[in-house]
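Okay, structure first, notes after.
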Amino acid sequence: MEKKIILITGATDGIGKITATTLAKQGHTMIIHGRNRSKAATVCEQIKADTGNKNVNYVLADLLSMADIKRMVADLKTKYDRLDILINNAGAFFNKQREITRDGFEKTIALNLFAPFLLMQSLVDLLSKSTSARIINMYSAMHKRGGKPDFNDFQLEKSYKPDRAYGLSKLYLVWMTRHLASELKRNGINNITVNGTHPGAVATNFGQDSDKGFFINMIFKIALNFMDKPEAGAVSSIYLATSQEVEGISGQFYSNKAEVEKPDDKYWSVENEQRVWNYLQKTLKAYL
Ligand SMILES: NC(=O)c1ccc[n+]([C@@H]2O[C@H](COP(=O)([O-])OP(=O)(O)OC[C@H]3O[C@@H](n4cnc5c(N)ncnc54)[C@H](OP(=O)(O)O)[C@@H]3O)[C@@H](O)[C@H]2O)c1
């Protein structure tokens, strides 16, 4: 495969770190995204040493801050004249109490949905410079578990629960991915595809630090013993980033075994997908 320039968010730990290391081993130019300078620098050096690939660098942003994302995008545009692959991997499951970011957004929605949306929109021009660019979004099987969407309560002020926030953030990410795939086609941008995958249940730091209440905290800890290794969670992202089989395919949902799967479409409709898209455009307009 031709060598690519690949940006992966949340590459300092868990599934993202494994994905980045594997892609670096294949000889691609890797841009590791992290939020902590010293952790990102250490991971970068570790990947270089483990793979022998010197083209591994990092960029920094707290993805809970839309201004910080904007600054990172500007930084990327000064350093790179094209981007071939964007993997929106970073994500988290937050506390039992609803929390908001400095921008005033509910944290789960901000990190799992707003950050990938903003990155995709802001990096389209850099991706357009690639002969064949791919965006890969990290879903979750929990997209089925958010309950019924309430478009009058998008920020979950009335109905916050951590599992609802997480489930809905991933459900909307699935819808947003599909919508972007058709938007790109409609606008004649044929060199960028966008797909997503869920990694399965994988033993990482995911959900380990947040306080979800005694019972759910315990379930998360016990579940670690039965989960797959992070390597298993990285299979599908690596496949979507590198396989010739997915060339030209866009708007699809892939399983952790890298097979096309049907997401839970119980609450999906053309109108609902458009509602989410419009909400994202309107809410994040100031940061685009
Ligand atoms: N593990 C699972 O079972 C599972 C299941 C379904 C879906 N997923 C999804 O898979 C993806 C990767 O999760 P993982 O299991 O690898 O989790 P993880 O081990 O917790 O790693 C998450 C990564 O995201 C980064 N991150 C978190 N918050 C951030 C922020 N505010 N700004 C910038 N970076 C941030 C972390 O940075 P630090 O290194 O600085 O902490 C880390 O690199 C997520 O989208 C998650 O929703 C995971």
Side-chain angles (χ1 to χ4, degrees), residues 7-22 31-44 46-47 58-69 71-72 87-95 99-103 105-116 118-119 136-146 162-163 165-174 177 196-210 219-238 240 253-256 261 263:
L7 167 63
I8 170 159
T9 67
T12 46
D13 226 314
I15 299 166
K17 187 175 165 190
I18 299 286
T19 308
T21 306
T22 308
I31 314 169
I32 303 298
H33 154 266
R35 58 177 157 172
N36 173 300
R37 185 178 297 277
S38 107
K39 188 169 180 181
T42 306
V43 168
C44 246
Q46 202 183 330
I47 293 178
Y58 66 87
V59 287
L60 297 169
D62 177 357
L63 299 181
L64 284 171
S65 160
M66 301 300 118
D68 217 21
I69 295 176
R71 189 203 40 72
M72 180 176 84
I87 306 179
N88 281 310
N89 163 78
F93 191 107
F94 287 99
N95 297 315
E99 294 165 286
I100 57 167
T101 67
R102 261 178 289 159
D103 302 311
F105 302 135
E106 191 285 316
K107 269 185 164 184
T108 326
I109 298 284
L111 179 64
N112 297 350
L113 180 67
F114 288 2
L118 202 53
L119 278 171
I136 297 139
N137 290 329
M138 194 55 113
Y139 300 152
S140 165
M142 289 265 299
H143 75 280
K144 303 171 186 172
R145 302 267 174 260
D163 48 344
Y166 184 75
L168 284 179
S169 69
K170 295 291 186 179
L171 179 71
Y172 296 156
L173 186 63
V174 174
T177 303
T197 178
H198 73 83
V202 180
T204 62
N205 289 337
F206 177 77
Q208 296 300 320
D209 297 337
S210 52
I219 292 176
F220 266 73
K221 293 270 177 261
I222 294 169
L224 275 181
N225 301 306
F226 306 99
M227 286 173 154
D228 285 333
K229 292 208 166 84
E231 283 76 4
V235 165
S236 198
S237 309
I238 294 164
L240 288 176
F253 182 108
Y254 284 80
S255 74
N256 56 333
E261 202 177 271

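Each ligand, and each atom within it, is numbered from 1 in the order the structure gives.
Here the heavy atom of the protein found nearest to atom 8 (N) of ligand 1 is Pro199 CG, 3.5 Å. Scanning all protein heavy atoms for the shortest distance to atom 1 (N) of ligand 1 gives Val202 O, 3.1 Å. At the shortest separation from atom 15 (O) of ligand 1 among protein heavy atoms lies Thr204 OG1, 2.6 Å. In terms of protein heavy atoms, atom 16 (O) of ligand 1 is closest to Ile15 N, 2.8 Å. Nearest protein neighbour of atom 31 (N) of ligand 1, counting heavy atoms only, is Asp62 OD1, 3.0 Å. Nearest non-hydrogen protein atom to atom 20 (O) of ligand 1 is Phe206 N, 3.4 Å. Counting only heavy atoms of the protein, atom 10 (O) of ligand 1 lies nearest to Met138 CG, 3.3 Å. Given atom 22 (C) of ligand 1, the protein heavy atom at minimum distance is Gly91 O, 4.1 Å.
A heavy-atom separation below 4.0 Å is found between Lys170 and ligand 1.
Taking a cut-off of under 4.0 Å to the non-hydrogen atoms of Ala90, the atoms of ligand 1 that pass are 24 (O), 45 (O). Ligand-side atoms of ligand 1 in range of Leu111: 28 (N), 29 (C), 30 (C), 31 (N), range being under 4.0 angstrom from any heavy atom. Listed by number with element, the atoms of ligand 1 under 4.0 angstrom from any heavy atom of Ala61 are 32 (N), 33 (C). Atoms of ligand 1 found under 4.0 Å from any heavy atom of Gly14 (numbered from 1 in listed order, with element): 16 (O), 19 (O). Within ligand 1, counting atoms from 1 as listed, the ones closer than 4.0 Å to a heavy atom of Leu64 are 31 (N).
The minimum heavy-atom distance between Ala40 and Gly34, with the atom names listed, is CB-CA, 4.3 Å. Smallest separation of non-hydrogen atoms from Gln208 and Lys221: OE1-NZ, 3.0 Å. Between Asn137 and Pro116 the shortest heavy-atom distance is OD1-CB, 4.3 Å.
Residue contacts with ligand 1, taken as heavy atom pairs separated by less than 4.0 Å, involve His33 solely via side-chain atoms from C-beta onward.
At least one donor-acceptor pair under 3.5 Å links the side chain of His33 to the backbone N or O of Ala61. A distance-only check finds no donor-acceptor pair linking the side chain of Asn112 to the backbone of Ser169 [under 3.5 Å]. At distances below 3.5 Å, not a single donor-acceptor pair connects side-chain atoms of Thr101 with backbone N or O atoms of Ser65. Side-chain N or O atoms of Thr197 include one that pairs as donor or acceptor with a backbone N or O of Ser255 at under 3.5 Å.
Just one of Thr204, Ile87, Ile8 meets the side-chain contact (heavy atoms from CB on, under 4.5 Å) condition when paired with Ile15; it is Thr204. Of the residues listed (Ile100, Leu111, Ile69), the one engaging Leu64 in a side-chain contact (heavy atoms from CB on, under 4.5 Å) is Leu111, and it is the only one.
Polar contact check, Asn36 against ligand 1: no nitrogen or oxygen pair lies under 3.5 Å apart. The N/O atoms of Leu63, backbone and side chain alike, include one that comes under 3.5 Å of an N/O atom in ligand 1. Considering backbone and side-chain N/O atoms, Ala92 never comes within less than 3.5 Å of an N/O atom of ligand 1. Considering backbone and side-chain N/O of Gly10, one or more are found under 3.5 Å from N/O of ligand 1.
Residues Lys170 and Met142 fail the side-chain proximity criterion, which asks for heavy atoms closer than 4.5 Å. Taking 4.5 Å as the limit, some side-chain heavy atom of Met72 sits within range of a side-chain heavy atom of Leu119.
When Phe94, Phe93, Tyr166, Tyr139 are ranked by how near their heavy atoms come to atom 47 (O) of ligand 1, first place goes to Tyr166. With Lys39, His198, Met227, Arg35 as candidates, the residue nearest to atom 30 (C) of ligand 1 on a non-hydrogen basis is Arg35. Taking each of Asn89, Thr19, Thr9 in turn, the one with a heavy atom nearest to atom 12 (C) of ligand 1 proves to be Asn89. Across Asp13, Thr108, Leu173, Thr12, heavy-atom proximity to atom 21 (O) of ligand 1 is greatest for Asp13. Closest heavy-atom approach to atom 5 (C) of ligand 1 within the set Gly200, Ala11, Ala201: this belongs to Gly200.
To the nearest 0.5 Å, the span separating OG1 on Thr12 from CD on Gln46 amounts to 11.0 Å.
The aromatic rings of Phe206 and Phe93 sit perpendicular, their planes meeting at an angle over 60°, well past the 30° parallel limit.
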After noting the C-alpha distance and the side-chain angles of Arg35 and Asp68, does the key distance pass the salt bridge (Lys or Arg N to Asp or Glu O under 4.0 Å) rule? CA-CA 10 Å; Arg35 58 177 157 172; Asp68 217 21; over 6 Å; no
